[in-house]
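The first residue in the sequence is number 1, and the count goes up from there. Note that the structure is predicted; figures quoted are calculated from it, not measured.
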Amino acid sequence: MAITRILAQMTVADLTVATQWYSRLFGREPDARPMEGLIEWHLADAFGVQVWAESDRAGRSTMVLDESDLDAFVQGLDHAGIPHPEPQNATTSRILLLEDPDGNRIVITGPLGGN
């Protein structure tokens, strides 16, 4: 057995609202709509993000994304109009905690010392 791909899944109540928010977060529309109630962003060949509409489970998801240039990512959030706190220093990295409209947590990590 060899796992060759991973998709983080965020569960939301309203797919239309989530599509707009995640499109602003990733700077583009979804890459795929494989079935009713599901959208995907393919961030690289081997990983991506799914957003799934299931109102009973909405708001209980968490994903962590490692960003090579956290400062540029923050500037992109500002440009997209996504409110956010300032990045925080953690033990081995900087982290930025975001929440989507349903309260799902998105943790963006980046190297200490900027970028």
Side-chain angles (χ1 to χ4, degrees):
M1 182 174 105
I3 296 171
T4 60
R5 188 168 186 224
I6 186 166
L7 296 169
Q9 188 177 81
M10 307 304 279
T11 308
V12 300
D14 186 321
L15 195 60
T16 301
V17 170
T19 300
Q20 293 169 355
W21 193 87
Y22 282 93
S23 292
R24 290 184 7 231
L25 178 69
F26 295 126
R28 65 180 198 265
E29 292 295 313
D31 295 308
R33 296 175 185 268
M35 60 185 276
E36 182 73 26
L38 178 65
I39 55 178
E40 295 180 349
W41 281 265
H42 304 149
L43 303 177
D45 289 341
F47 63 90
V49 174
Q50 289 186 326
V51 177
W52 172 250
E54 186 178 345
S55 60
D56 292 347
R57 292 183 48 239
R60 296 185 180 136
S61 304
T62 299
M63 75 172 155
V64 179
L65 300 172
D66 194 26
E67 169 59 52
S68 62
D69 188 339
L70 190 56
D71 294 325
F73 186 85
V74 168
Q75 289 176 350
L77 293 175
D78 292 340
H79 182 72
I82 296 177
H84 61 85
E86 291 299 314
Q88 307 167 30
N89 286 340
T91 306
T92 59
S93 63
R94 292 168 61 216
I95 61 170
L96 175 64
L97 302 175
L98 300 174
E99 283 191 1
D100 74 6
D102 284 292
N104 291 309
R105 177 170 283 175
I106 298 101
V107 181
I108 311 295
T109 66
L112 283 171
N115 295 348

Would you say Asp78 and His84 make side-chain contact, with heavy atoms under 4.5 Å? yes
Kindly write out the residues that satisfy side chain to side chain donor-acceptor pair (under 3.5 Å) with Arg24, not counting sequence neighbours, or none if the list is empty. none
Supply the atom-to-atom distance Gln50 CD to Met63 CE, rounded to the nearest 0.5 angstrom. 11.0 Å
How about Glu40 and Pro30: do any of their side-chain heavy atoms sit closer than 4.5 Å? no
Residue of the set Asn104, Asp100, Asp102, Leu15 for which side-chain contact (heavy atoms from CB on, under 4.5 Å) holds with Val51: Leu15
Between Gly37 and Trp52, what is the shortest heavy-atom contact and its length? O-CE3, 3.3 Å
Determine whether Ile82 and Val49 fall in the same hydrophobic cluster, where Ile, Leu, Val, Met, Phe, Trp and Tyr are linked whenever their side-chain heavy atoms lie under 4.5 Å apart. yes
How long is the gap from CG on Leu43 to CD1 on Ile6, to the nearest 0.5 Å? 12.0 Å
Any residue meeting ring-ring contact (aromatic ring centres under 6.0 Å, His included) with Phe26, in chain and number order, not counting sequence neighbours: Trp41
Taking atom CZ of Arg94 and atom CD1 of Ile108, what is their separation to the nearest 0.5 Å? 12.5 Å
Report the distance from atom CD of Gln75 to atom CG of Leu77, rounding to the nearest 0.5 Å. 10.0 Å
For His42 and Arg5: C-alpha separation, side-chain torsions, deciding distance, then whether side-chain contact (heavy atoms from CB on, under 4.5 Å) applies. CA-CA 10 Å; His42 304 149; Arg5 188 168 186 224; 2.9 Å; yes
For the residue pair Glu99 and Gly103, what are the closest heavy atoms and their distance? OE1-CA, 3.9 Å
Euclidean distance, Gln9 CD relative to Arg57 CZ, rounded to 0.5 Å: 6.5 Å
I want to check something: taking the side chain as every heavy atom from C-beta on, are Ile39 and Arg33 in contact at a cut-off of under 4.5 Å? yes
Per side-chain contact (heavy atoms from CB on, under 4.5 Å), Leu96 is matched among Leu70, Val107, Leu65 by Leu70
My understanding is that only one of Asn89, Thr91, Ile95 makes a side-chain contact (heavy atoms from CB on, under 4.5 Å) with Ser93; could you say which? Ile95
Met10/Ile106 under side-chain contact (heavy atoms from CB on, under 4.5 Å): CA gap, chis, key distance, verdict: CA-CA 9 Å; Met10 307 304 279; Ile106 298 101; 4.0 Å; yes
For residues Ala13 and Ala58, report the shortest heavy-atom separation together with the two atoms involved. N-CB, 3.3 Å
I need the Asp66 CG to Phe47 CZ distance, nearest 0.5 Å. 9.0 Å
